[in-house]
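Contents: one structure, followed by commentary.
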Amino acid sequence: MHETFTIILLAVHLLAMNVASAGPLVCAWLHWRGKKSGQLSDQLGRSLAWWSVITLVIGMLSGGLLLLVIPGNGLSVALAKFPPSTYWFAGAELVFSLACMIAIAGGWRILNKWWIALLAFATAANLLYHFPPLMAVMGHLAADEHWTTETIIDRPILLKLITRGEVLPLTVHFGLSALAVAGVAVLFLLTRLGEQTETAQEAKTIARGAALIALTATLLQVPIGVWLLSSLSAPARARLMGMDLWASLAFLVGLAASIVLMQRLLTVVLGETDRKNLRHIVAIVCGVVLLMTASLRLSRPVAPVAEAATKTASSANAQG
């Protein structure tokens, strides 16, 4: 039950950070469209901008909660390997990204398209460049503290570790997932609009554009997924390929759902933009993220409580 809660919380964290990371880029696209095509693009862009602010806050809160609920002491060991400056720098980067997002949302009516684009690129690049590789390295160390012999991981060492194992493909995978989820977020916003005949054609055009963004990012996940799978450690790959029933099942169902997702997105690109289809796509995306999170989480061993700590605790209990 505890592991299930951890997987769900991790999936929520990833979905939130997906929207927060790539949402501003899609906002910039909608802002440019709004200046040329009509009010609906402008309305959706502003809504997505505020969504990006909210999801970043949710991502930060859920990330902090994950530090408390992930089982084993592996994460504590991993966190201890990074100097305090890493966490001060990470906090400053999060505050910077949040400030950029608030500036986009709050200044939507005031800022011109170039300022919106600049702020969107700044916050997206900041979040996508700094945090996915850092989280991937921490995840590795949490599962296996002997993954690297370095006792202190400063920035130069972190940059070297990024090219090791599945860290780099996992980083690229997250970036593409963020773009796909941000595109689907626009589809979700469209399902919440009332029936307005005067904006029906514009809504259909926006839906097709957002679906094309999500479809392109999802299609690019195919070679990235192969790269990621080949980069996994032999034990992790074996768990996905059948050694662990639940990891394998989550992985296979996630792949099947991804294929269905691409098919549904293609129908939207071709013009099938009814609300029912858009809602199904949103549900499928959430399912894919949950299943792939479960498969990745279950493919890695949970770091047990250190043997020395266990002996100490047992001794203390015996004396008590």
Side-chain angles (χ1 to χ4, degrees), residues 2-18 21 59-60 62-83 86-87 89-90 93-94 127-155 157-178 221 224-225 227-240 244 246-247 250-251 254 289-306:
H2 189 273
E3 184 64 26
T4 301
F5 176 74
T6 301
I7 290 171
I8 293 173
L9 182 60
L10 182 56
V12 170
H13 171 73
L14 290 174
L15 277 170
M17 293 308 297
N18 281 161
S21 298
M60 290 190 289
S62 57
L65 186 56
L66 278 168
L67 298 179
L68 301 176
V69 303
I70 289 181
N73 74 327
L75 185 58
S76 299
V77 173
L79 293 174
K81 286 181 176 289
F82 292 86
T86 298
Y87 303 109
F89 183 75
E93 294 293 341
L94 288 172
L127 291 176
L128 292 173
Y129 174 74
H130 290 106
F131 291 96
L134 176 62
M135 295 301 106
V137 170
M138 284 185 177
H140 258 302
L141 292 171
D144 179 14
E145 62 179 292
H146 303 297
W147 182 64
T148 178
T149 58
E150 304 289 347
T151 55
I152 297 296
I153 302 177
D154 55 15
R155 185 167 181 78
I157 294 175
L158 178 62
L159 292 175
K160 292 179 181 179
L161 292 177
I162 287 175
T163 60
R164 183 176 173 184
E166 75 263 27
V167 175
L168 186 57
L170 197 59
T171 299
V172 178
H173 170 75
F174 177 86
L176 291 173
S177 295
Q221 291 283 34
I224 299 302
W227 180 23
L228 176 58
L229 189 61
S230 65
S231 301
L232 291 173
S233 65
R237 192 162 52 245
R239 290 186 183 93
L240 288 178
D244 185 291
W246 294 111
F251 181 63
V289 172
L290 179 61
L291 289 165
M292 289 307 186
T293 300
S295 65
L296 182 62
R297 174 75 187 163
L298 295 174
S299 68
R300 288 178 174 174
V302 177
V305 176

Task: Counterpart residues, side chain to side chain contact (heavy atoms under 4.5 Å, CB included), relative to T293 (two or more places apart) - done: I7, L10, A11, L14, V289
Task: Partners meeting side chain to side chain contact (heavy atoms under 4.5 Å, CB included) with W227 (sequence neighbours left out) - done: L168, P169, V172, I224, S230, S231
TODO: May I ask you to test the V137-T148 pair for a side-chain heavy-atom distance under 4.5 Å?
DONE: no
Open item on the list: Which heavy atom of K81 sits nearest to which heavy atom of E150, and what is that distance?
Closed with: NZ-O, 3.3 Å
Task: For D244 against L298, the heavy-atom pair lying closest together - done: OD2-O, 4.3 Å
Task: Contacts of S295 that satisfy side-chain hydrogen bond (donor to acceptor under 3.5 Å, both in side chains) - sequence neighbours left out - done: none
- [ ] Apply side chain to side chain contact (heavy atoms under 4.5 Å, CB included) to the pair L94 and M60, showing each step before the final yes or no.
- [x] CA-CA 8 Å; L94 288 172; M60 290 190 289; 3.8 Å; yes
TODO: Applying side chain to side chain contact (heavy atoms under 4.5 Å, CB included), name anything that partners M138, two or more places apart in sequence or on another chain.
DONE: L79, F82, Y87, L134, M135
- [ ] Among residues two or more places apart or on two chains, list those pairs meeting salt bridge (Lys or Arg N to Asp or Glu O under 4.0 Å) that have a residue in residues 162-177.
- [x] E166-R300
- [ ] Please report the shortest heavy-atom distance between A178 and L128, naming the atom on each side.
- [x] CB-CD2, 4.3 Å
TODO: State, yes or no, whether a side-chain contact exists between L291 and F251 at a heavy-atom distance under 4.5 Å.
DONE: no
- [ ] Give the minimum heavy-atom separation between G59 and A16, together with the two atoms involved.
- [x] N-CB, 3.8 Å
- [ ] Go through the steps to decide whether V167 and L170 satisfy the test side chain to side chain contact (heavy atoms under 4.5 Å, CB included), and finish with yes or no.
- [x] CA-CA 5 Å; V167 175; L170 197 59; 5.9 Å; no
Open item on the list: Using every non-hydrogen atom in the two residues, find where I157 and I152 come nearest and quote the distance to one decimal.
Closed with: CD1-O, 3.4 Å
Task: Sequence-distant partners of H13, ring pair (Phe, Tyr, Trp, His ring centres under 6.0 Å), two or more places apart - done: none
- [ ] Taking all heavy atoms of S299 and all of A247, pick out the closest pair and write down the distance.
- [x] N-CB, 4.2 Å
Task: Min side-chain heavy-atom separation L240-L296 under 4.5 Å - done: no
Task: From OG (S21) to CZ (F174), nearest 0.5 Å - done: 4.0 Å
- [ ] Could you pull out all residues at least two apart from L65 that satisfy side chain to side chain contact (heavy atoms under 4.5 Å, CB included)?
- [x] L9, L68, V69
- [ ] Drop me the distance from I8's CD1 to R297's CZ, to the nearest 0.5 angstrom.
- [x] 13.0 Å
Task: Results of salt bridge (charged side-chain N to carboxylate O under 4.0 Å, His left out) for E93 - residues two or more places apart only - done: none
Task: Partners passing ring pair (Phe, Tyr, Trp, His ring centres under 6.0 Å) against F89 (at least two apart in sequence or in another chain) - done: H130
